[in-house]
Amino acid sequence: MPRWQGAIVVGASSGIGEAIARELAANGTPVALLGRRIERINDICRDINARSGTEIASPFQADVRDWRMTGGLFASITERIPTVDLLVYAAGVMPAREPERQTPGDVDAIETNLTGAVAWINEAVMQFTKRGRGTVVGISSVAGDRGRRGNPVYNATKAALSVYLESLRARLSATGVNVVTVKPGFVRTAIIGTRAVFPPAASAQSAARDTLRAAERGARVAYVPWWWHPIVLLMRLVPAPIMERLPI
Ligand SMILES: NC(=O)c1ccc[n+]([C@@H]2O[C@H](COP(=O)([O-])OP(=O)(O)OC[C@H]3O[C@@H](n4cnc5c(N)ncnc54)[C@H](OP(=O)(O)O)[C@@H]3O)[C@@H](O)[C@H]2O)c1
């Protein structure tokens, strides 16, 4: 028996979102895959459906920055998958590091990582509260736990997303709708490319499995892998004058 009746993965054309969609389908959950690169989404769905022998995966093109399209698109998805009880928001971009300048990349990151997240998560919450159940998973990041010199706008969007999810969890605590905040550390996907990182990056597949386990147990906040939690606790203790000098 699959754990979920139907799922939507926003940002499923690569990386963690793709791995989550594949894992869900492998466990028998009908899943809608969303992203801008529709050819990739179509290819992934064809591959998933060929492996499962059923039309378990459905492709949808979406640019999350067009937040006004969210309601209509959600309705189209539920025509295909009538009972959606899981939404995973995995869409995200990390802009180039140019904090001193006003760059389109900064706005893009705010719209993708935050505005789009709020639009999709709000839509799911409206549908889930009507039925009194459902789970929303937001893929935030350890990057939102402490400001660093590396990527100010990315850090800020993830901090805002984490606080938004925390607030939503408080608001929905008596409704039967779960809100799960997932905070990955480094994961080997296009977003970090081939950059050498320390601690070593997890695979997208293991991050996906950890994310779905957190959703299944209704965790409030899950670090992925778990050992990022003590690392973040230590990072919070680093005095600001030292933190400001760290080249990360
Ligand atoms: N990799 C890491 O080390 C790491 C660490 C912490 C958190 N995260 C977070 O994990 C999430 C997934 O990232 P990833 O690592 O799997 O990177 P990725 O492979 O680059 O995946 C990013 C996904 O976001 C989608 N996306 C980006 N802009 C979009 C838009 N405007 N509309 C719709 N979809 C959009 C992309 O699809 P299209 O390009 O097809 O639209 C893609 O499916 C992100 O939120 C990221 O911030 C990653």
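First listed ligand is number 1; within each ligand, the first listed atom is number 1. In what follows, residues are counted from 1 in the order of the sequence shown.
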**Message:** Counting only nitrogen or oxygen atoms and a 3.5 angstrom limit, does Pro184 reach ligand 1?
**Reply:** no

**Prompt:** Considering residues, nucleotides and ligands other than Trp226, do more than 12 of their heavy atoms fall under 6.0 Å from its CH2?
**Reply:** no

**Prompt:** For atom 4 (C) of ligand 1, which of Ser141, Gly185, Ala208, Ser13 has the closest heavy atom?
**Reply:** Gly185

**Prompt:** Can you find a heavy atom in the side chain of Arg217 that is under 4.5 Å from one in the side chain of Val180?
**Reply:** no

**Message:** Taking 4.0 Å as the limit for heavy-atom contacts, which would you say applies to Ile16 with ligand 1: side chain only, backbone only, both, or neither?
**Reply:** both

**Fill in**
The protein heavy atom nearest to atom 45 (O) of ligand 1 is Lys158 NZ, 2.9 Å

**Ion pair Asp145/Lys158, N-O distance below 4.0 Å** = no

**Prompt:** Which residue supplies the protein heavy atom nearest to atom 18 (P) of ligand 1, what is that atom called, and how far is it?
**Reply:** Ser14 OG, 3.5 Å

**Request:** Using a cut-off of 6.0 Å, state whether more than 12 heavy atoms not belonging to Arg245 lie near its atom CZ.
**Result:** no

**Message:** Please determine whether a side-chain nitrogen of the Lys or Arg among Asp43 and Arg46 lies less than 4.0 Å from a carboxylate oxygen of the Asp or Glu.
**Reply:** yes

**Request:** Would you mind reporting whether Asn178 and Phe128 have side-chain heavy atoms less than 4.5 Å apart?
**Result:** no

**Fill in**
Checking heavy atoms under 4.0 Å, the part of Val64 that sits near ligand 1 is both

**Prompt:** Of the backbone atoms (N, CA, C, O) and the side-chain heavy atoms from C-beta on, which set of Ala143 has a member under 4.0 Å from an atom of ligand 1: side chain, backbone, both, or neither?
**Reply:** neither

**Message:** So which atom in Trp67 and which in Ala119 form the shortest heavy-atom distance, rounded to 0.1 Å?
**Reply:** CB-CB, 3.7 Å

**Request:** Report yes if the side chains of Thr181 and Arg169 come closer than 4.5 Å at any heavy-atom pair, otherwise no.
**Result:** yes

**Asked** What protein heavy atom is closest to atom 17 (O) of ligand 1, reported as residue, atom name and distance in Å?
**Response** Thr189 OG1, 3.4 Å

**Prompt:** Between Ser206 (side chain) and Ala202 (backbone), is there a donor-acceptor pair under 3.5 Å?
**Reply:** no

**Message:** If you apply the rule side-chain hydrogen bond (donor to acceptor under 3.5 Å, both in side chains), what do you find for Gln205 with Arg188, and how did you get there?
**Reply:** CA-CA 10 Å; Gln205 291 70 26; Arg188 189 55 70 197; over 6 Å; no

**Prompt:** Which atoms of ligand 1 sit under 4.0 Å from any heavy atom of Val93?
**Reply:** 27 (C), 28 (N)

**Complete:** Short version for Glu18: what comes under 4.0 Å of ligand 1, heavy atoms counted, is neither

**Item:** Within-4.5 Å side-chain heavy-atom neighbours: Ile81 and Ile8
**Value:** no

**Fill in**
ligand 1 to Ala12, heavy atom cutoff 4.0 Å, flagged ligand atoms 43 (O)

**Prompt:** Short list, please: which atoms of ligand 1 are under 4.0 Å from a heavy atom of Gly92?
**Reply:** 22 (C), 24 (O), 27 (C), 44 (C), 45 (O)

**Fill in**
among protein heavy atoms, the one nearest atom 47 (O) of ligand 1 is Tyr154 OH, 2.6 Å

**Asked** Of all the atoms in ligand 1, which lie at a distance below 4.0 Å from a heavy atom belonging to Ile192?
**Response** 3 (O)

**Prompt:** What residue and heavy atom of the protein are closest to atom 35 (C) of ligand 1, and at what distance?
**Reply:** Ala91 CB, 3.8 Å

**Asked** Does ligand 1 have a heavy atom under 4.0 Å from the side chain of Ser140, from its backbone, from both, or from neither?
**Response** backbone

**Nearest protein heavy atom with distance in Å, relative to atom 3 (O) of ligand 1** = Val187 N, 2.8 Å

**Message:** I'd like to check which ligand 1 atoms, numbered from 1 as shown, lie under 4.0 Å from a non-hydrogen atom of Gly15.
**Reply:** 16 (O), 19 (O)

**Fill in**
Within 4.0 Å of some non-hydrogen atom of Ile139, the atoms of ligand 1 are 9 (C), 10 (O), 11 (C), 45 (O)

**Request:** Run down the list Asp108, Asp63, Ile191 and name the one with the heavy atom closest to atom 20 (O) of ligand 1.
**Result:** Ile191

**Asked** What protein heavy atom sits nearest atom 27 (C) of ligand 1, and how far away is it?
**Response** Arg36 NH2, 3.5 Å

**Message:** With a 4.0 Å cut-off on N to O distance, would you call Arg148 and Glu244 a salt bridge?
**Reply:** no

**Complete:** Short version for Ala62: what comes under 4.0 Å of ligand 1, heavy atoms counted, is backbone

**Prompt:** Considering only heavy atoms of Arg65, which atoms of ligand 1 have at least one such atom less than 4.0 Å away?
**Reply:** 31 (N)

**Message:** For atom 12 (C) of ligand 1, what's the nearest protein heavy-atom neighbour? Residue, atom name and distance, please.
**Reply:** Ala90 O, 3.0 Å

**Asked** Can you tell me if CZ on Arg171 sees more than 12 non-hydrogen neighbours from other groups inside 6.0 Å?
**Response** no

**Prompt:** Which of parallel (below 30°), tilted (30 to 60°) and perpendicular (above 60°) describes Phe186 and Trp228?
**Reply:** perpendicular

